[in-house]
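Remarks on the structure that follows.
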Amino acid sequence: MIIAVDGPTASGKGTIARALAAHFALPHLDTGLLYRAVGRQVFLDGGDPDDGGDALAGCAFPDSRLQDPHLRDESTGGLASRVSIHAGVRQALFDRQRAFAVQQGGAVLDGRDIGTVIAPEAEAKLFVTASVQTRAHRRFLEMRERGVQITLLEIEDDLRRRDERDRNRAVAPLIPAPDAMVIDTSALERDEAIKAAIRAVEDALGTTGDG
Ligand code: DC
């Protein structure tokens with residue numbers, strides 16, 4: 001069984017994907033990390049993330065890059081969003097994601113284009129979203145906990161810019177698959193969002209849980 005979880009930055013899709021993986025005992029891949037690793041690699045190489053050639057060169061990042069603590073930085077998220085518009089980058093990361101998706105026993109993947117491009121045959125597709133204000137507030141609390149100096153307004157501006165880029169790019173834009181179930185987490189607590197996601201997956205599979 002493949003579960004595809006797509007949605008914008010800080011919508012709660014990562015939390016939901018990890019919880020679904022634990023609930024259904026499936027391996028999980030955060031595909032955003034791959035794009036973040038490319039963005040970080042381009043930065044370290046002194047390249048230009050808006051240049052297709054430099055961005056493609058960044059796809060040859062060493063596996064150790066996936067452990068780089070800077071991958072979680074806001075600035076790396078911005079670089080990831082910029083390198084991800086290049087068709088060559090998306091193609092270079094495709095096989096790795098596809099292989100993870102079709103492994104025996106199934107998998108949970110979260111990202112932007114899992115239900116539309118990476119695994120359109122997924123048995124369950126969720127599109128997790130939330131208002132930009134809610135997402136900015138969540139990211140702000142997260143950053144504050146990590147001791148990062150950034151204002152709520154800066155985060156909100158950054159999210160709007162990234163949303164705009166992710167939604168309007170020519171290749172694999174962020175849009176719900178036609179058969180995706182949309183979960184808006186704006187008014188939901190973490191546990192409520194997870195429950196709603198589990199229920200949505202069970203509905204898609206035609207099974208019923210214990211509630
Ligand atoms: O989910 P995230 O914030 O870690 O993703 C960072 C960027 O990577 C996001 O702005 C767009 C890009 N991305 C993508 O284009 N496709 C994916 N499947 C995952 C992420």
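Both counts, for ligands and for their atoms, begin at 1 and track the order of listing. The analysis underlying the following values was restricted to heavy atoms, covering all of them including side chains, and did not include hydrogens, waters or symmetry mates.
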### Message
Applying a strict under-4.5 Å side-chain criterion to I, L, V, M, F, W and Y, I'd like to know whether V171 and L93 cluster together.
### Response
no
### Query
Between S81 and S84, do the side chains contain an N or O donor and an N or O acceptor separated by less than 3.5 Å?
no
### Task
Give a yes or no on whether the backbone of E142 and the side-chain of R139 come within a donor-acceptor separation of less than 3.5 Å.
no
### Message
Given D113, which partner from the list R90, R98, R167 fulfils the salt bridge (charged side-chain N to carboxylate O under 4.0 Å, His left out) test?
### Response
R90
### Per-ligand residue contacts, ligand 1, heavy-atom threshold under 4.0 Å
T9, K13, T31, G32, Y35, R36, A80, S81, S84, R90, G111, R112, D113, R162, D166, R169
### Query
Under the salt bridge (Lys or Arg N to Asp or Glu O under 4.0 Å) test, which residues partner D50, sequence neighbours left out?
R82
### Query
Quick one: are L26 and L20 in side-chain contact, heavy atoms under 4.5 Å?
no
